[in-house]
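Structure first, commentary second.
So you know, we letter chains A, B, ... as the sequences are listed, proteins then strands, and number each from 1. None of these values were measured; they are calculated from a predicted model.
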Protein chains: 2
Amino acid sequence: MVMSGDPAMNVPTGLSRWTGFLLARAHQRAHALFQDALAPLELTPKSFGALSVIKDRGPLSQAALGGTLRVDRTTIVAVVDELERAGYIERGHNPADRRVHSLGVTAAGSDALRVAERAAGASQDDLLAGLHPGEREQLQALLARITQ
Amino acid sequence: MVMSGDPAMNVPTGLSRWTGFLLARAHQRAHALFQDALAPLELTPKSFGALSVIKDRGPLSQAALGGTLRVDRTTIVAVVDELERAGYIERGHNPADRRVHSLGVTAAGSDALRVAERAAGASQDDLLAGLHPGEREQLQALLARITQ
DNA sequence: TATTGTTATACTCTATAACTATA
DNA sequence: TATAGTTATAGAGTATAACAATA
């Protein structure tokens, strides 16, 4: 009962059999939608992810944040700078180890995250507009299972 | 009967609800596997895609190739250079319009594509190792439907 | 005037190397 | 010695601008 084929010619016919190409296209679209949805909040998909992790797991170090997001610690610096400049997070001190920055969300960051999550949700609805609720869950579950 | 949740903690918990983040992770993994599989053949995921399109739709112009792959025509130049240098394609002439290059696959390119497709298939099996055949088809079909 | 292919250039993203301050 | 954060730098990847040839 599963339909294969090339429903909308979205991907060059011969390439449509490669999951990698479909993933590339789907990701490209998701990223663009996400980016547009978050832009008014001074957030990028990456900084939104960082803010979300800091809110969930904070206070945590920049190294821990980078490890969670799988981003190099040198790349994390700019992301944290950006979030701090926007007033969404603070670089606190860790009395137990004065090398580390203890990242925590501010009240403004918490508010921004709530708004951003609504915007992200709307962009996700846009991305998944063609799928029924059950199909969205299926896709979500299948993707989770091929993610290393 | 659909299972949601976070089967393997592959994505930071709070982020696992965002399809975009799962797509980013899945694409990142697929790209790495694809790249490794194709490297011995002097092919990248992008040049493999180009070779595949030229084989399927050739002879065609660089502009047409770029349009199909959604890659800027200035970016296509290097991809075509690379494939030509490897001896996989030829830049032919179009008598009807002397501006365009008529791209066609060589015999060596055809052979390389066959080998590359086997390698790509193996890397795809790797990517989808955790999914049953029916689930692979489901994922494929669902991805095709959110691809613009 | 518009289009094809090309080059030069710039911009984004990200990692490596090297530094400091701590441990 | 090793680690956290930082900076400078370099390498991909890709787009914009400008050009020659051709339509």
Pairing of Arg85(B) and Glu42(B) as salt bridge, 4.0 angstrom limit: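 No salt bridge links Arg85(B) with Glu42(B).
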Which is more 5' along DNA chain C, the nucleotide nearest Val71(A) or the one nearest Asn94(A)? Just name the residue.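 Of the two residues, Val71(A) wins.
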Of the options [options], whose atoms approach the side-chain atoms of [X] most closely?
{"X": "Ser61(A)", "options": "dT14(C), dG5(D), dT16(C)", "result": "dG5(D)"}
{"X": "Thr75(A)", "options": "dT14(C), dG5(D), dA23(D)", "result": "dT14(C)"}
{"X": "Val77(A)", "options": "dT7(D), dA18(C), dG5(C)", "result": "dT7(D)"}

For atom [atom1] of [X] and atom [atom2] of [N], their distance in whole Å:
{"X": "Glu82(B)", "N": "dT6(C)", "atom1": "CD", "atom2": "P", "result": "14 Å"}
{"X": "Ile89(B)", "N": "dG5(C)", "atom1": "CD1", "atom2": "C1'", "result": "13 Å"}
{"X": "Asp97(B)", "N": "dA2(C)", "atom1": "CG", "atom2": "P", "result": "17 Å"}
{"X": "Leu60(A)", "N": "dA4(D)", "atom1": "CG", "atom2": "P", "result": "12 Å"}
{"X": "Leu65(A)", "N": "dA4(D)", "atom1": "CG", "atom2": "P", "result": "13 Å"}
{"X": "His93(B)", "N": "dT4(C)", "atom1": "NE2", "atom2": "C1'", "result": "14 Å"}
{"X": "Arg70(B)", "N": "dG13(D)", "atom1": "CZ", "atom2": "C1'", "result": "18 Å"}
{"X": "Arg73(A)", "N": "dC19(C)", "atom1": "CZ", "atom2": "P", "result": "14 Å"}

On the nucleotide [N], are OP1 or OP2 found under 4.0 Å from the side-chain N or O atoms that [X] carries?
{"X": "Gln62(B)", "N": "dT3(C)", "answer": "no"}
{"X": "Lys46(A)", "N": "dC13(C)", "answer": "no"}
{"X": "Arg98(A)", "N": "dT22(C)", "answer": "yes"}
{"X": "Arg91(B)", "N": "dT6(C)", "answer": "yes"}

Nearest-0.5 Å distance that lies between atom NE2 in His27(B) and atom CG in Leu143(B):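 Rounded to the nearest 0.5 Å, the NE2-CG separation comes out at 11.5 Å.
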Is it the case that the side chains of Gln140(A) and Arg17(B) hold a donor-acceptor pair, with the cut-off being a distance below 3.5 Å and no angle test?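 No, no side-chain donor-acceptor pair sits under 3.5 Å.
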Looking only at non-hydrogen atoms, find the nearest pair between Leu131(B) and Leu139(B) and report the distance.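 Result for this residue pair: CD1-CD2, 4.0 Å.
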Where is the tightest heavy-atom contact between Leu113(B) and Phe48(B), given as atom of each residue plus distance?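 Closest approach of Leu113(B) to Phe48(B): CD1-CE1, 3.7 Å.
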With distance as the sole criterion, do the side chain of Thr74(B) and the base of dT14(D) form a donor-acceptor contact below 3.5 Å?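 Answer is no: no donor-acceptor pair is held.
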Has the side chain of Arg99(A) got a donor or acceptor atom sitting under 3.5 Å from an opposite partner on the base of dG5(D)?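 No such pair is found, so the answer is no.
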Heavy atoms under 4.0 Å, any strand shown: does Asp72(A) hit a base, just sugar-phosphate, or nothing?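 Since a base atom lies under 4.0 Å of Asp72(A), the category is base.
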